[in-house]
Each structure stands twice: as C-alpha cells, then as structure tokens.
Amino acid sequence: MRDAFNMRSEGFQSFPLNYVVSDDYNIGGNTFMETRRSVPDEQSNEEAEKFYTLLGEMNEELYEGSKFLKMSFYILLFHLKCLGGWTGNSLTMLLKLLREMFPFAKIPQSCKDMKKVIKDLSLGYNKIHSCPNDCMLYWGDRRNQQSCHVCGKSRWMNRDAEDVNEDEYGPQSIRKPNKILRYFPLIPRLQRLFMSSKTAEFMTWHHDQRMDDGLLRHPTDSLAWKSFDNKFPSFVSDPRSVRLGLASDGFNPFKIMSTSYSTWPVVLVPYNLPPWLCMK
C-alpha cells in the first residue's frame, strides 16, 4: 500500500488532502464540491486547480432547457461504449449522427475528444511496461531499460523498430511492448470519494450509521475488524480513515486452468462504505 501511495513521486500527481467542503456542483446526479484551502497561503496544486477549472467549464447544460449537463452526457455515453463493447470509430460515427440531428447541442466531435475530457478528470490509468515473464516493471529508476535485468527478455515485441510518437492521442509508436500493466492511481480515486457530498457521508457509515446488534452484516462486525481496531488505535480514532480490501480474479499460478487469459484484475474495495455500495 505504501508503494502505491508513493507512486505520485514518480510523476503520478494527485490532489491535496487538505481541501474543505464548500459549494456543490451537480453533475449527472453526483455532487462535486468546489473547495477552498484550509491554509490560505499554501501553494495551489496544479492538478487540483485543473480539475476544478474543468468542473466550472463543464457545469453547463447540454442544450438550453436540457436536464443533462454536458459533462454528464459525456460520461453516460462513454459508459454505454464500455458496457456495449463499442469501438472508438463506432462511437465517433454515432456522435457525428447526433450532431447532425441535434445541431443545437454541445456534442463532442469524436471519441478521442471524450477520452481527453475523462483524462483531464484524472480518472484514467497509467500504462507501465512489464517483463513478459513478470520479473519486473519498467518503472522508476528502471523505466528506460530495454530488457529485463532478471531474465534478459526484451521489453519489445519488435526490438529493432524505432519509436514514432509516445503521445497516447498522437500517432502510435511502432515498437510494441511485450506486456503492459495498467495502473489506476489510487489516491485521486480516494479523494474523489471525499469530494462528493454524497459519498463523503457514506465514507463514515461504518462508524456513524452502522447498526451494532451483534449480527454480521458488514466487515465492521467481524472479529478481524475489531482486532485491527485494538492494534491501531490512532488509525481508528478518525472514522474517515480509509479501509481497503484486496480482491483478485483470474489468477492461474499453477497453470491448471484450461483458459489462458491475458488480463488479471486486482481490485481494492473501500470497506468504509455501506454493504450496498462497497461491493457495487
């Protein structure tokens, strides 16, 4: 967990923790809070300022009289793309049709434009190249290595090719890595839970609203949770302290499964939330 939080020192910047609640923005049914510094003379965080500037710009209707905001339209449509398995080109064609049918609406030009908006919200992920034999990650001091220092395997499928452009939204690089780890930065996502007035209240549910009647309804009721509370009283003293459960699926360590998937998800579950949300 400490390594995950320290990744921001390698360029994965996040938002400062010392924001205080103020005015709300409602975006697609979620409420985001415009915040002010608790320390007036503290230097503003560039990424945080970018986030709130984006919220201000996108806090406008999709068209006059619409019940949807432009931001909520972007997010909902991109959500449909993910659920339906649409290609980027198919979504771009749909957007073109929608612009022709509703020229008065603020509809994005392409799927690429929608991705850029989501990236600006810092809800994207970071690609980290990996050794094909899972010996190492090309990250930190080893980010520029061309082969694995453990097994000697090349980083690239076609090692003789040259890079053209490393920009995600520009021309693709000719060289293709053998394996990629997709890392979803943890800190910005935890901070989003406290930036929303709705989820911020739920983050203390385990302390403020849980029914303590001796029945096991939530991890809070377990002996393991109570044992942790006794060992780390300073952590427990603040009910906002985030408790995470690590879950995984798809691992095949002894190669006894008949399938050979290339995607191995590792998921962190915030146990601060009530049971109907923490496993949603």
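Index from 1, following the sequence. Treat the numbers as computed from the prediction; the structure is a model and nothing was measured. Note that these values count all heavy atoms, side chains included, but never hydrogens, waters or copies made by symmetry.
No continuous path of ILVMFWY side-chain contacts below 4.5 Å connects Met93 to Leu97, so the two sit in separate hydrophobic clusters. Trp276 and Met211 fall into different hydrophobic clusters, where Ile, Leu, Val, Met, Phe, Trp and Tyr side chains are chained together by heavy-atom contacts under 4.5 Å. By the rule that hydrophobic residues join a cluster once side-chain heavy atoms approach within less than 4.5 Å of another member, Ile128 and Met136 end up as members of separate clusters.
You'll find the side chain of Trp139 stays beyond 4.5 Å of the side chain of Ser130, heavy atoms only. Residues Asp113 and Leu95 form no side-chain contact, since every pair of their non-hydrogen atoms from C-beta on lies 4.5 Å or further apart. A 4.5 Å side-chain heavy-atom check between Leu98 and Phe73 finds at least one atom pair inside the cut-off. In this structure, Glu61 and Lys106 have side chains that are not in contact, with every pair of non-hydrogen atoms separated by 4.5 Å or more. Residues Gln146 and Arg175 are in side-chain contact: their nearest non-hydrogen atoms beyond the backbone lie under 4.5 Å apart. Within the 4.5 Å cutoff, the side chain of Leu216 has heavy atoms near those of the Ser222 side chain. Taking 4.5 Å as the limit, every side-chain heavy atom of Pro103 sits out of range of all side-chain heavy atoms of Tyr63. Using a 4.5 Å cut-off on side-chain heavy atoms (C-beta onward), Leu193 and Asn272 make no contact.
The 12-atom threshold is exceeded at CZ of Phe78, counting heavy atoms of other residues, nucleotides or ligands nearer than 6.0 Å. By the neighbour-count criterion of 12 heavy atoms within 6.0 Å, atom CD of Glu100 is densely surrounded, having more than that number from other residues, nucleotides or ligands.
Using cut-offs of 30° and 60° on the angle between ring planes, the pair Phe102 and Phe104 is perpendicular.
Among residues at least two apart or in separate chains, salt bridge (charged side-chain N to carboxylate O under 4.0 Å, His left out) pairs with a member in residues 228-248 are Asp229-Arg243, Asp238-Arg240.
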